[in-house]
Amino acid sequence: MAAAGLERRLGLWDAVSLVVGVVVGAGIFLTPGVVAGHVPSPAGMAGVWLVTGLFTLTGALAFAELGAMLPASGGQYVFLREAYGPLVGFLCGWAFLVVIWSGTLAALAVAFASSLSHLVPLSPTGEAIATAGTIAALTALNYRGLRLGARVQNLLTAGKLALLAILIGAAWWRGPGGPAGPAGDWSWRGLMLAVAACSWTYDGWQALSFVSGEIRRPARNLPLALLGGLALVTFVYVFANAAFSPLLRAAADSGSGGSLLVAAAPLFGPAGQSVVAVAVLLSIAGALNGGILACSRIYFAQARDGLFFSRFGQIHPRFRTPAFSLVLQGIWAGVLALSGTFETLLTYTMFGNWIFTALAAAAVVVLRRKRPEQERPYRTWGYPVTPLLYCALAAVLVAGSIAAHPLASLAGAGLMLTGVPGYYLWLTVAHRRRQRR
């Protein structure tokens, strides 16, 4: 396989599509019911979604500066490496591969197969085949070329946005579907649980940084795509929840469930469940395809730095993709999905995702001090307040996660810290190889 670098073949719409496609997954169909259970009014629900979206944008502002300044494959890994040294970068990549992103891909594949069973009856074996087959098919697609993966991503993103627009329009057209009054009193705990759920639904935008080395005109397109993509997501989320809040409250009060899958189905008569299931499938497929495309670049970048198996840093001579990285990522995600261990592992380690993202946002401050002379095509708006605000709110969410699951969090921290001896072992092996040469 060739050793040349990856090619810059992603335009602005490709980058926006990746942000929207990865963020808008299954969460928008599940989380609104959770928020409705903790927030006592439709206006309050919309406010939580809007404020959480603005909070997410403060993190994206930091990533926009870093990505424009360091437009290399691996993105977040590169930011952490440059700001805090290779050990922190390695731990990020290690945690992403072992659990966080691989487990997320596994969860998306399982959710895809489960949603498919609403359209086509599947046995447990059939769902397992659909789970593994989805990962394999999308991995093969991205293996065969960046442009092919990007075109499919663009189609899936456009399709999911179109179907969400239809669902939102139908809900507005029908009008209130049930009582929209208060469901209870405001509480600090309920508000924090709602914000945490919304934050999970906004997660995934960091994936754009992973393909920084393949975006054309990154100084312009990366900030525009990050901020524009998240602004679009926030708009969709706020309007979707405003449209569906009465239906969600009615579904919850009737005991039939609090997800959009249940609440939106009556809008389309007997075919309602099928219409919503198709929307869910498109959303999950877009998130899964975008995740497979982007995440493989982290391990590719690590290998190019000599901090992972060298084969992960190889590029296919014909397709110009990090082929080995894609294949091994797909195999590991499939193992996690079929074993069912991803649920436990994600419970243990998802707080780590917040830690690494907050550290990357804080890297804006660190690198402005370490490298004041370096060119910055885009500068974070509201610096230093916005990145520090993001870090503060992320710290609250991490603390809440640890408080809710102390033993699981301790186990997860231990799992991620296994990367420390792995890092020093890698350095030792690399040093011995250089001596032999």
Side-chain angles (χ1 to χ4, degrees), residues 16-39 42 44-57 60 104-105 107-112 114-116 118 153 156-172 177 193-207 229-249 251-252 257-265 267-268 272-273 275-291 350:
V16 171
S17 178
L18 187 62
V19 173
V20 176
V22 175
V23 174
V24 183
I28 185 56
F29 295 93
L30 302 173
T31 307
V34 176
V35 177
H38 293 295
V39 179
M45 288 173 60
V48 167
W49 282 98
L50 178 60
V51 169
T52 307
L54 294 175
F55 152 59
T56 306
L57 276 170
T104 298
L105 297 179
L108 286 168
V110 170
F112 183 90
S114 177
S115 299
L116 184 63
H118 288 283
Q153 186 66 32
L156 290 171
T157 298
K160 78 168 71 177
L161 288 177
L163 271 175
L164 278 170
I166 291 171
L167 292 175
I168 293 169
W172 280 113
L193 288 171
V195 170
C198 289
S199 298
W200 172 72
T201 311
Y202 276 105
D203 196 36
W205 53 271
Q206 308 94 323
L230 272 177
L232 177 58
V233 169
T234 302
F235 177 84
V236 170
Y237 281 3
V238 170
F239 270 80
N241 281 274
F244 282 102
S245 59
L247 293 170
L248 286 166
R249 191 58 46 74
S259 72
L260 285 191
L261 251 150
V262 175
L267 296 174
F268 301 94
Q273 285 282 2
V275 172
V276 180
V278 169
V280 174
L281 284 172
L282 276 177
S283 289
I284 296 173
L288 183 56
N289 182 72
M350 276 310 291

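Heads up: numbering here begins at 1 and tracks the sequence.
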Donor-acceptor contacts, no H, no angles, side chain residues 161-169, under 3.5 Å, sequence neighbours left out:
none

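Residues H118 and A277 come closest through the heavy atom pair CB-CB, 4.0 Å. Minimum interatomic distance between A194 and V39 (heavy atoms only, all atoms of both residues): CB-CG2, 3.8 Å. Considering all non-hydrogen atoms of both residues, G204 and V23 come closest at C-CG2, 4.0 Å. Nearest heavy-atom pair across G291 and V22 is N-CG2, 3.9 Å. When every heavy atom of V238 is checked against every heavy atom of A46, the shortest pair comes out as CG2-O, 4.3 Å. Residues G27 and W200 approach most closely at CA-CZ3, 3.6 Å, considering heavy atoms.
The backbone N or O of V110 lies less than 3.5 Å from no partner atom in the side chain of S114, so there is not a single donor-acceptor pair.
Distance check, rounded to the nearest 0.5 Å: OG1 of T157 to CG of L18 gives 8.0 Å. Taken to the nearest 0.5 Å, the CG atom of L281 stands 10.5 Å off from the CG atom of L156. Once rounded to the nearest 0.5 Å, the distance linking CG of L193 with SG of C198 reads 11.0 Å.
In terms of the side-chain hydrogen bond (donor to acceptor under 3.5 Å, both in side chains) criterion, residue partners of T201 (sequence neighbours excluded) are, by chain and number, T31. By the side-chain contact (heavy atoms from CB on, under 4.5 Å) test, A287 pairs with L108, sequence neighbours left out. A search for side-chain hydrogen bond (donor to acceptor under 3.5 Å, both in side chains) contacts involving N289 returns N142, Q153, not counting sequence neighbours. The side-chain hydrogen bond (donor to acceptor under 3.5 Å, both in side chains) test applied to W49 returns N241, not counting sequence neighbours. With sequence neighbours left out, the ring-ring contact (aromatic ring centres under 6.0 Å, His included) criterion links F112 to no other residue.
Residues T234 and L54 form no side-chain contact, since every pair of their non-hydrogen atoms from C-beta on lies 4.5 Å or further apart. The shortest distance between side-chain heavy atoms of F244 and P32 does not fall below 4.5 Å.
Less than 6.0 angstrom separates the ring centroid of Y202 from the ring centroid of Y237.
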